[in-house]
Undergrad: 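The following block contains the structure, expressed as structure tokens.
Quantities reported herein were computed from a predicted structural model and do not represent experimental measurements. Atoms within each ligand, like the ligands themselves, are counted from 1 in listed order.
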Amino acid sequence: MGKNTDRSFVLRGDICYSTSPTHLDARRDAHVVCVDGVSQGVFDTLPEKYRGLPLVDCTGKLVTPGLNDIHLHAPQYTFRGIAMDLELLDWLNTYTFPEEGKYRELAYASTAYDIFVDDLRRSATTRAVIFATLHVPATELLMDKLEKTGLKTYVGKVNMDRNSPDFLCEDSAAASLDATRAWIEKTKGAYRNTLPILTPRFTPTCSDELMKGLGDLVGEYGLPVQSHLSENLSEIDWVKGLCPWSTCYGQTYKHFGLLGGSTKTVMAHCVYSTDEEIALMKQAGTYIAHCPQSNMFLSSGIAPIKRYLDEGLNVGLGTDVAGGANLSMFRAISDAVGVSKLRWRCVDQSFAPLTIQEAFYLATLGGGSFFGKVGSFAEGYEFDALVLDDSGIRSVRELDIAQRIERFAYLSSEGGTITQKYVAGVRVL
Ligand code: GUN
Ligand code: FE
């Protein structure tokens, strides 16, 4: 059955996936069928027609869709877990820009990216949307390394032509656009798993001329876009000064065709989005990358994710390394729940805290749809999966599958292990 037998098989285990933001479908000793890299659905009893497929027996283990990290910075992995004492703009100038400047040196980039890529490969992440730096050679090197992991990623050569230190600033909008075009031409069809994404860092570091040119590239190449939006109050004030013509921060992207609509766009944070900005994102189908750990550690604030979900916006989760300290998407799930409770208690009781089901949805289907039919075991979805051994998280209690997933999000570092990982039906771990 199936032409590509290594991407056609049955996994048996305790299967759990989101069928909506509020509902987890959990089945004990069930089967999920993958044919040519695509899920055929979950079955308590394996249908006759699939009985000839190889059976991967994961009885007693949890089987979930892979987790999608839709915002992180590969070059910042070197200083994860340190330098957490400043807010965004000072943090960028003091720690981030000097570090990213080092990626001009390919030898440094190669060593640093080897560690990042290997850790990402071993993490719970199956797909990711990644910032590199403004350096084209180092960005291509990162793409080469990611390609070999089998993970599916979008990678962005960063654009920045103003308000940046000399050692990390492109000479002009034209120079930035030329470098971007050359990079797109070289990488756009070059890989199976790794795709370029346009990456204006954020409005403060991108001139109007650069933004306009990037908008033109969206039209020309049909590439997706990633950036940052409404993360920090000083940043938002700065954008008002830089773009006095704009009515909200989001409009500084929208004006140039960089907020979504014609192609998929992901904006990280959206902690302080106004009603107008939310309406623009809703209209454009913008993806919001919620990065709770980064929002805590950079003292940015707490994004109103429940509101975004209620209003039907596209939302996923990001680690935002190194604003967030680690690559754990399980940690992102539990942090999303945690900060939503603080928001409810301290900021605004009109939106309930997120449930664990909602946070799991964000990490799987919510962010997964940025990549297409990804993030579910429903029939027709690309088969991305994790096999999780939670036997090392010891307890005398009998737990149901949903409780075991919840516990894994909070306690995975206590002895939970990822024993297998699949992306589009290919085993990558
Ligand atoms: N805004 C612009 N650049 C960055 C960055 O590197 N990290 C975060 N968290 N926000 C940004
Ligand atoms: Fe970021």
Side-chain angles (χ1 to χ4, degrees), residues 69-103 112 116 128-135 139 142 153-165 168-170 197-207 210-211 214 225-239 242 249-250 252-253 258 265-273 287-303 316-327 332 335 339 367:
D69 185 345
I70 66 166
H71 182 73
L72 75 165
H73 298 259
Q76 298 174 17
Y77 197 59
T78 49
F79 69 102
R80 70 193 186 282
I82 55 175
M84 294 292 196
D85 58 327
L86 299 174
E87 288 186 49
L88 176 66
L89 299 178
D90 291 332
W91 176 81
L92 287 172
N93 284 315
T94 308
Y95 304 117
T96 309
F97 292 162
E99 180 59 28
E100 291 194 14
K102 296 181 188 170
Y103 288 73
F116 167 75
V129 188
I130 301 174
F131 274 57
T133 62
L134 59 76
H135 312 97
T139 303
L142 174 62
T153 61
Y154 286 104
V155 177
K157 171 237 171 301
V158 175
N159 296 97
M160 44 201 300
D161 73 337
R162 68 173 177 185
N163 297 317
S164 312
L168 193 71
C169 190
E170 296 174 292
I197 180 167
L198 289 167
T199 306
R201 180 171 209 120
F202 67 157
T203 299
T205 63
C206 299
S207 66
L210 176 53
M211 293 292 224
L214 290 171
V225 177
Q226 62 177 345
S227 194
H228 296 93
L229 177 61
S230 296
E231 175 178 7
N232 165 288
L233 293 169
S234 307
E235 170 207 22
I236 294 168
D237 272 350
W238 195 16
V239 170
L242 289 167
Y249 188 170
T252 68
Y253 297 109
L258 295 169
T265 295
V266 57
M267 287 288 160
H269 307 302
C270 302
V271 173
Y272 296 104
S273 294
Y287 279 74
I288 294 166
H290 177 42
C291 307
Q293 200 182 114
S294 167
N295 295 161
M296 275 191 278
F297 290 149
L298 296 179
S299 310
S300 299
I302 311 172
L317 293 183
T319 60
D320 194 27
V321 158
N326 59 63
L327 292 175
D335 284 344
V339 302

Undergrad: Output the list of atoms in ligand 1 that are nearer than 4.0 Å to some heavy atom of Leu88, sorted by atom number.
TA: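 Those of ligand 1 that fall under 4.0 Å from Leu88 are 8 (C), 10 (N), 11 (C).
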Undergrad: Side chain of Lys157, backbone of Leu134: donor and acceptor closer than 3.5 Å?
TA: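 Flag set: sc Lys157 to bb Leu134 pair under 3.5 Å.
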Undergrad: How far is atom 4 (C) of ligand 1 from its nearest protein heavy atom, and which residue and atom name does that atom have?
TA: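 Of every protein heavy atom, His228 CE1, 3.4 Å lies nearest to atom 4 (C) of ligand 1.
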Undergrad: Is ligand 1 less than 4.0 angstrom away from at least one heavy atom of Trp91?
TA: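 Right, Trp91 reaches ligand 1.
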Undergrad: Would Glu235 count as a contact of ligand 1 if the rule is a heavy atom under 4.0 Å away?
TA: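 Not so, Glu235 does not reach ligand 1.
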Undergrad: Are the side chains of Pro75 and Glu99 in touch, meaning some heavy atoms are under 4.5 Å apart?
TA: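 Heavy-atom side-chain distance check fails, nothing below 4.5 Å.
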Undergrad: Is there a donor-acceptor pair closer than 3.5 Å between any side-chain N or O of Ser227 and the backbone N or O of Pro200?
TA: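 Between the backbone of Pro200 and the side chain of Ser227 there is a qualifying donor-acceptor contact (under 3.5 Å).
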Undergrad: At a 4.0 Å threshold, what atoms of ligand 1 neighbour a non-hydrogen atom of His73?
TA: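 That gives atoms 5 (C), 6 (O), 7 (N) of ligand 1.
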Undergrad: Could you list the residues that satisfy side-chain hydrogen bond (donor to acceptor under 3.5 Å, both in side chains) with Glu235, not counting sequence neighbours?
TA: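 Applying side-chain hydrogen bond (donor to acceptor under 3.5 Å, both in side chains) to Glu235 gives Tyr249.
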Undergrad: Can you list the protein N, O or S atoms less than 2.8 Å from the Fe ion (ligand 2)?
TA: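 Listed by chain and number, the nearby protein N, O or S atoms are His71 NE2, His73 NE2, His228 NE2, Asp320 OD1.
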Undergrad: Looking only at distance, does Glu231 have an N or O less than 3.5 Å from an N or O of ligand 1?
TA: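 The answer is yes, given that Glu231 and ligand 1 share an N or O pair closer than 3.5 Å.
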Undergrad: Report the nearest protein non-hydrogen atom to atom 3 (N) of ligand 1: residue, atom name, distance rounded to 0.1 Å.
TA: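 Heavy-atom neighbour on the protein nearest atom 3 (N) of ligand 1: Arg201 NE, 2.9 Å.
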Undergrad: Out of Asn163, Asp161, Asn159, which residue meets the side-chain contact (heavy atoms from CB on, under 4.5 Å) rule with Ser207?
TA: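 Single side-chain contact (heavy atoms from CB on, under 4.5 Å) partner of Ser207 among Asn163, Asp161, Asn159: Asp161.
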Undergrad: When you look for heavy atoms under 4.0 Å from ligand 1, do you find them on the side chain of Asp320, its backbone, both, or neither?
TA: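 It is the side chain that gets close, since no backbone atom is under 4.0 Å.
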Undergrad: Under a 4.5 Å cut-off applied to non-hydrogen side-chain atoms, are Leu327 and Arg80 in contact?
TA: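 Heavy-atom side-chain distance check fails, nothing below 4.5 Å.
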Undergrad: Do Leu72 and Asp320 come within less than 4.5 Å of each other through their side chains, counting heavy atoms only?
TA: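 No, their side chains stay 4.5 Å or more apart.
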Undergrad: In ligand 1, which numbered atoms sit nearer than 4.0 Å to a non-hydrogen atom of His269?
TA: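 Here the atoms of ligand 1 in question are 9 (N).
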Undergrad: Answer yes if the ring centres of Phe131 and His228 are under 6.0 angstrom apart, and no otherwise.
TA: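 Between Phe131 and His228, the centre distance is under 6.0 Å.
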Undergrad: May I ask you to say whether Glu100 pairs ionically with Arg201, meaning some side-chain N is under 4.0 Å from a carboxylate O?
TA: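 Looking at Arg201 together with Glu100, the answer is yes, because their closest N to O distance falls below 4.0 Å.
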Undergrad: How far apart are the C-alpha atoms of Thr203 and Thr252, what are their side-chain angles, what is the distance that settles it, and do they pass the side-chain hydrogen bond (donor to acceptor under 3.5 Å, both in side chains) test?
TA: CA-CA 7 Å; Thr203 299; Thr252 68; 2.8 Å; yes
Undergrad: Taking distance alone, with no angle check, do Thr96 and ligand 1 share an N/O pair under 3.5 Å?
TA: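 No; the residue has no nitrogen or oxygen that sits under 3.5 Å from a nitrogen or oxygen of the ligand.
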